[in-house]
Amino acid sequence: MRFYTLLNFQHIILWIFPTLVFVLIFALALGHFHFKRLNSEARHKTIVYVYPEEIEDKNAPFPLAMSLIILGTVLWAFFYILMTGLLGVKI
């Protein structure tokens with residue numbers, strides 16, 4: 001049992017908030033997935049480079065939603081470590 005009840009609440013917020021943000025971004029990314037551009041079929045069929053093991057490289061951009069999810073995870077981990085160290089809380 002912890003000495004301070006507020007510490008339990010802070011940890012719950014630190015676990016739930018990033019999860020909810022991830023679910024929201026992921027749901028928006030999946031909801032936006034069905035929109036297509038005029039040249040999207042050509043981009044998915046055009047092979048830019050073929051590697052020696054018959055692996056095909058296409059000119060598909062990295063999804064913005066995945067970039068935001070990765071960036072959010074890295075920022076959350078950094079600030080979690082920083083705030084835990086500054087507040088002097090033992091993990």
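The figures that follow rest on heavy atoms only: side chains count, while hydrogens, waters and symmetry mates do not. No experiment lies behind these values; they were computed from the predicted model shown.
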K.L.:
Grouping I, L, V, M, F, W and Y whenever their side-chain heavy atoms are under 4.5 Å apart, do Ile13 and Leu20 come out in a common cluster?
P.N.:
no
K.L.:
Treat each ILVMFWY residue as a node, draw an edge where side-chain heavy atoms are under 4.5 Å apart, and state whether Ile16 and Val23 are in one component.
P.N.:
no
K.L.:
Assigning hydrophobic clusters by single linkage (Ile, Leu, Val, Met, Phe, Trp, Tyr; side-chain heavy-atom cutoff under 4.5 Å), is Ile12 placed with Phe22?
P.N.:
no
K.L.:
Can you get from Val74 to Phe79 by hopping between Ile, Leu, Val, Met, Phe, Trp and Tyr side chains that sit under 4.5 Å apart?
P.N.:
no
K.L.:
Look at the rings of Tyr51 and Tyr49 and say which category their plane angle falls in: under 30° parallel, 30 to 60° tilted, over 60° perpendicular.
P.N.:
perpendicular
K.L.:
Might you point out which heavy atoms bring Leu14 and Trp76 nearest each other, and give the distance in Å?
P.N.:
O-NE1, 3.2 Å
